[in-house]
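To keep things clear, I will list the structure first and then write my remarks on it.
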Amino acid sequence: MKTNAKTGKGERACRADSAEDVLRTFTQARSVLISGHEHTDGDSLGSMIALAHLLDRRGVKAVAAGDRNALGSPGFLRGAERLVPPETAARGRCDLLVTLDCGALDRLPVPLQKLARTRPVVNIDHHVTNTRFGTLNWVDAKASSTGELVWRLARKAKWPLDDIAAEALWVSIITDTGRFAYDSTKPATLRCAADLLRHGVRTAFINDKIYASFSATNVELKRRAYKTLTILHGGEIAAVWLTKKDFGETRGTKADAEDVIDIPRNLAGNRVALFFYESGDGASETRVSIRTREPLDATALAKRFGGGGHARAAGCTVNAPLAQSRKIVLKAVKEWLGGDSAGTPA
């Protein structure tokens, strides 16, 4: 497969690829680098650990890249200790880059974005807004999670699962389905989960680690976020935010604040929940997490600012300081709800 060095895309990138295409590419690879999106979450981390582990067991040299200091509650997974920092991984040798749960090239860790333009890229994802930036693009927006897609690969290839891979994929699925509560949960999702349970998944242990054991850093960040809670439009819009100072003083990362979005989202009558947080080295960039309730499509708002995601959960980056970003986004949401439309915000 030929690769365009400028775009990272290959001659087949224009069409949808399949699990079979991905597996054929794996058989031709001697060394594989695996990466999720920046600010790793449960689905991204679990998918990376599982795929790297499964490929290793098949004799393929596979390395997963990620910041071990910013994994949040899923960081207990076995295999997380083998993650290589992205800047180190970018200097290593690989003949194939696999991206998991990453909707766009600029969502990769920065050190790997340049590498993605010089290597064949297998893009495996379930975000409806995925930009198909890979050489191969296996994107299934109907899948509950990228972890479910990795499980399908294993089944199709007849790769035997073990408890390490099964627990990693279990974390992928439960974190992206809200423990099977979101509407992304389909019969196929539960069939996948049932198969994983056959391989010794410690469900109570994992539930306790992710949903019942909060670090002091997480609790402090939520305390600070609660103090910023802003309720608008009769409760239909709610927002919280955290500053770089908040993260610095608590020594926290975005991974320590994954559930902060639940503060506005859990407000009765809420239709649009927003979590603003400062990121990067400067103060001119603000990340925004978005949650919506039917029929509002969160990607409609996210795409206006160059972001993407899912119908009920999306995100974007606003190139403005935190205070200005709040005004810009909240104005767009007010206009959106004023039109009572699930389409693109005005």
Side-chain angles (χ1 to χ4, degrees), residues 38-42 67 69-75 175 178-179 181-182 208-293 296 298 301-302 304-305 307 309 312-338 345:
E38 194 177 22
H39 305 302
T40 303
D41 61 9
D67 182 356
N69 297 316
L71 300 179
S73 57
T175 54
R179 289 179 281 184
Y182 300 158
D208 183 67
K209 283 286 189 181
I210 296 179
Y211 298 108
S213 299
F214 301 108
S215 69
T217 299
N218 172 269
V219 172
E220 175 60 18
L221 286 172
K222 283 190 285 192
R223 186 188 72 80
R224 293 179 181 222
Y226 264 112
K227 293 173 67 174
T228 71
L229 179 61
T230 300
I231 301 170
L232 304 166
H233 216 268
E236 292 186 330
I237 306 169
V240 293
W241 55 86
L242 291 171
T243 66
K244 285 188 67 177
K245 182 180 179 182
D246 291 322
F247 287 111
E249 290 180 347
T250 61
R251 297 185 180 180
T253 68
K254 174 53 169 60
D256 296 306
E258 282 297 320
D259 57 349
V260 166
I261 187 64
D262 291 336
I263 295 172
R265 184 177 184 274
N266 291 341
L267 186 69
N270 176 256
R271 299 179 71 194
V272 180
L274 303 166
F275 169 32
F276 299 87
Y277 59 99
E278 292 182 327
S279 64
D281 296 329
S284 60
E285 184 177 274
T286 304
R287 301 288 180 97
V288 189
S289 293
I290 306 163
R291 300 292 184 270
T292 59
R293 286 188 166 85
L296 298 174
L301 180 63
R304 174 172 180 175
F305 300 99
R312 304 290 162 260
C316 61
T317 299
V318 180
N319 294 317
L322 178 61
Q324 184 180 348
S325 295
R326 292 201 312 266
K327 291 179 181 179
I328 293 170
V329 175
L330 287 171
K331 181 176 184 292
V333 175
K334 289 176 185 176
E335 293 172 351
W336 189 21
L337 295 189

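No experiment lies behind these values; they were computed from the predicted model shown.
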Nearest-0.5 Å distance, CZ of residue R326 to OG1 of residue T230: 7.0 Å
Contact summary for G235 and I231, nearest pair of heavy atoms: CA-CG2, 3.5 Å
Atom of T217, atom of G252 and distance for their closest heavy-atom approach: CG2-CA, 3.6 Å
Side-chain polar contacts of residues 260-270 - donor-acceptor pairs under 3.5 angstrom, sequence neighbours left out - could you list them?
| unit_1 | atom_1 | unit_2 | atom_2 | d |
| --- | --- | --- | --- | --- |
| N266 | ND2 | D262 | O | 3.1 |
| N270 | ND2 | E236 | O | 3.2 |
| N270 | ND2 | V272 | O | 2.9 |

Charged tip of R312 within 45° of Y182 ring normal and under 6.0 Å: no
Point-to-point distance, once rounded to the nearest 0.5 Å, from CG of N319 to CD1 of I328: 9.5 Å
Non-hydrogen atoms of F247 and K254 that approach each other most closely: CE2-N, 4.0 Å
Stepwise side-chain contact (heavy atoms from CB on, under 4.5 Å) test for L274 and V288: CA-CA 7 Å; L274 303 166; V288 189; 4.2 Å; yes
Donor-acceptor pair, side chain of S325 and main chain of A320, under 3.5 angstrom: yes
Side-chain heavy-atom pair E220, R223 within 4.5 angstrom cut-off: yes
Distance, nearest 0.5 Å, that separates CZ of R251 from CG of L221: 13.5 Å
Reported CG-to-CG distance for the pair L296 and L337, which is rounded to 0.5 angstrom: 6.0 Å
Nearest heavy-atom neighbours spanning L71 and A255: C-CB, 3.7 Å
Under 3.5 Å: donor-acceptor pair, side chain of N218, backbone of D256: yes
Sidechain-backbone polar pair: S289 side chain, R287 backbone, donor-acceptor under 3.5 Å: no
4.5 Å side-chain heavy-atom contact, W336 and R271: no
Pairs involving residues 223-246, ordered by first then second residue, that meet ring pair (Phe, Tyr, Trp, His ring centres under 6.0 Å) (sequence neighbours left out): none
Nearest heavy-atom neighbours spanning C316 and I290: SG-CD1, 4.3 Å
side-chain contact (heavy atoms from CB on, under 4.5 Å) assessment of F276 paired with T243: CA-CA 8 Å; F276 299 87; T243 66; over 6 Å; no
Nearest atoms (heavy-atom pairs only) where A302 meets A314: CB-CB, 3.7 Å
